[in-house]
Number of protein chains: 2
Amino acid sequence: MNIKHDKEKVIKKGIDLFWCNGYSNLGVDKICKATGMTKGAFYNAFKSKENFLLSCIEAYGNMNMNYLTEQLSDQNKRAIDKILNMYVIMLENQPSLNFTGCLTNNMMSEISSVNELVGNATARAFDNLLDVIEPMVIKAQLEGDISPSVDSKTVTELIHSTFFGVLTRAKATRDNKKSISAMTLLIKSLKTI
Amino acid sequence: MNIKHDKEKVIKKGIDLFWCNGYSNLGVDKICKATGMTKGAFYNAFKSKENFLLSCIEAYGNMNMNYLTEQLSDQNKRAIDKILNMYVIMLENQPSLNFTGCLTNNMMSEISSVNELVGNATARAFDNLLDVIEPMVIKAQLEGDISPSVDSKTVTELIHSTFFGVLTRAKATRDNKKSISAMTLLIKSLKTI
DNA sequence: TCATTTGTACCGTTCGGTCTGTTTGAGTAC
DNA sequence: GTACTCAAACAGACCGAACGGTACAAATGA
């Protein structure tokens, strides 16, 4: 059968839409208009708006995994520098993203306490990222930039959770300076515990 | 004039409602039903739903300031212990709050990037809390539990932002253990930078 | 008395989703 | 190559409910 609307492209557009508008503030009509679909096409491709969001969260999570893997790949740099640099870059991107933060964090905050499926999906996306970051934390421990005495998993949790926190803060103030300072301080603090 | 509905009580109920449901997912009808008001009474007391939220955010912020001030007041304990203990308690409360997180954080995340007034109100609530916490951070620096070489304001930012981050994480997983571990690790990390 | 507060019907719009008829094109038979 | 089949894909009118908010009359009480 001929498929007029590429599901992947629609999901990519959906990511942007949920990212900018949130979940409850975005209607299926808007999704259809933005993707050039009709309701018939949309509901033929996706079971429901909720189900569409789940697909978007998963796709966004995978995109992020690839992005982080790439950001952390440079073999010539110290692990700790790569980690800090990556987070600083993501925070520096916020003004151009209109301080929309991170889709995973946004959905976690808006509806994960009310919708278990979304909770699971966002938690999975978060955990997947930790799996990408943790090896770099272990490397930083071996390189003496993070105390080897602490559990690498917990450090990774701390780092990425802090990122979510300062990201939300940047959103409200529409200013990323303090967030970058806080994130930088965190990474420095991890050296000797 | 006789006022049937105490504005303060209505705002208190509103805090709960926005806290549990978010902003876009909560209708004025539900607010009226939950507070026992009619629409006439509601719109006589508040300019709009948005305006009502602003009042709720401000009241919630003040409540939080009082709560934190009290939590940090014990003169016999070391400042660092009071700080950590306070955050652990707030995280331990999450299961009984159905992992609804923190209203300020929730509203920051859901709509502050789209609604400037809410952005300002949540940012103000956040800053007010920092003003309560920072003196305790300074005290901890004097007591040798936080490195005196770093800016106390930035440390305070970091601590409370991290709290927001781990709170969101706890929401999605409906589990506060990792959040408590991460928060504890952060406070320990601040000792020697 | 009269401004304020309240009750409620009502407004136009949007919500998520359904229904039904039409179009599409790969597969099959010849 | 052509004709036919048929399930999938699509268009869009339509559904009842809920949305934020208004209008206006009735009730209230200083």
Side-chain angles (χ1 to χ4, degrees), chain A residues 1-57 103 106-107 110-112 114-119 121, chain B residues 1-57 103 106-107 110-112 114-119 121:
Chain A
M1 291 297 132
N2 178 39
I3 301 175
K4 186 172 171 187
H5 297 284
D6 178 10
K7 218 162 164 173
E8 244 182 78
K9 271 190 184 171
V10 172
I11 287 174
K12 245 167 205 156
K13 190 71 198 174
I15 289 173
D16 287 341
L17 291 168
F18 284 126
W19 201 346
C20 294
N21 299 285
Y23 181 70
S24 297
N25 192 37
L26 176 69
V28 176
D29 284 327
K30 271 189 214 159
I31 296 171
C32 288
K33 192 167 248 177
T35 55
M37 299 176 99
T38 59
K39 283 237 173 136
F42 179 81
Y43 278 99
N44 181 63
F46 306 98
K47 222 183 71 190
S48 63
K49 180 189 167 190
E50 181 198 49
N51 203 265
F52 180 55
L53 173 66
L54 294 176
S55 299
C56 290
I57 290 172
L103 178 64
N106 293 357
M107 292 302 108
E110 185 185 343
I111 36 172
S112 74
V114 146
N115 185 314
E116 202 182 331
L117 292 176
V118 175
Chain B
M1 291 300 131
N2 180 39
I3 300 174
K4 185 171 172 186
H5 296 285
D6 179 11
K7 217 162 166 173
E8 245 182 77
K9 271 191 184 171
V10 172
I11 287 174
K12 246 169 205 154
K13 190 71 198 173
I15 290 173
D16 286 341
L17 291 167
F18 285 126
W19 202 346
C20 293
N21 299 286
Y23 181 70
S24 297
N25 192 37
L26 177 68
V28 176
D29 284 327
K30 272 190 215 161
I31 296 171
C32 289
K33 192 167 250 176
T35 55
M37 299 175 97
T38 59
K39 281 219 173 164
F42 180 82
Y43 278 99
N44 180 61
F46 305 99
K47 223 183 70 192
S48 63
K49 180 190 168 189
E50 181 199 49
N51 203 264
F52 179 55
L53 173 66
L54 294 176
S55 297
C56 289
I57 290 172
L103 178 65
N106 293 357
M107 292 302 108
E110 183 185 344
I111 36 171
S112 74
V114 146
N115 184 313
E116 202 182 331
L117 292 177
V118 174

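Note that the coordinates shown come from a computational prediction; the quantities given were computed from them, not determined experimentally. Each chain gets a letter, A, B and so on, in the order its sequence line appears, and its residues count up from 1.
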> Check nucleotides 14-16 of chain C against the protein and report each pair of N or O atoms closer than 3.5 Å, with its distance, or say if there are none.
residue	atom	partner	partner atom	Å
C/dG16	OP1	A/Leu26	O	3.1
C/dG16	OP1	A/Lys49	NZ	2.5
C/dG16	OP2	A/Val28	N	2.6
C/dG16	N7	A/Lys39	NZ	3.4

> What is the distance, rounded to the nearest whole Å, between atom NZ of B/Lys47 and atom C1' of D/dG20?
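In whole Å, D/dG20 C1' and B/Lys47 NZ are 14 Å from each other.
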> Mind calculating the distance between CZ (B/Phe42) and P (C/dT4) to the nearest angstrom?
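It works out to 20 Å between those atoms.
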> State, with a plain yes or no, whether a side-chain heavy atom of A/Phe46 is found less than 4.5 Å away from one of A/Val10.
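When only atoms from C-beta onward are counted, A/Val10 and A/Phe46 do touch, with a gap below 4.5 Å.
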> Rounded to whole Å, please give me the gap between CG in B/Asp6 and P in C/dT5.
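Rounded to whole Å, this separation is 13 Å.
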> If I take atom NZ in residue A/Lys7 and atom C1' in nucleotide D/dC10, what distance separates them, rounded to the nearest angstrom?
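About 15 Å, once rounded to whole Å.
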> Heavy atoms, side chains only, cut-off 4.5 Å: are A/Tyr43 and A/Val28 in contact?
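Answer yes - side chains close enough.
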> Whole angstroms only, please: what is the CZ-C1' distance between B/Phe46 and C/dT4?
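So the two atoms are 16 Å apart, to the nearest Å.
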> Does atom NZ of A/Lys30 have more than 12 heavy-atom neighbours from other groups under 6.0 Å away?
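It does: A/Lys30 NZ has more than 12 such atoms within range.
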> Centre of B/Phe18's six-membered ring, under 6.0 Å away, within 45 degrees of the axis: is that where NZ or CZ of B/Lys49 sits?
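So B/Lys49 doesn't make the cation-pi contact.
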> If you look at every heavy atom in A/Cys56 and A/Ile11, which pair is closest and at what distance?
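Here A/Cys56 and A/Ile11 meet closest at SG-O, 3.7 Å.
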> Which residue pairs satisfy the side-chain hydrogen bond (donor to acceptor under 3.5 Å, both in side chains) criterion with at least one member in residues 6-21 of chain B, sequence neighbours excluded?
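As it turns out, there is no side-chain hydrogen bond (donor to acceptor under 3.5 Å, both in side chains) pair with a partner in residues 6-21 of chain B once direct neighbours are skipped.
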> Roughly how many Å is it from CG in A/Asn44 to P in C/dT18, rounded to a whole number?
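Taking CG of A/Asn44 and P of C/dT18, I get 13 Å after rounding.
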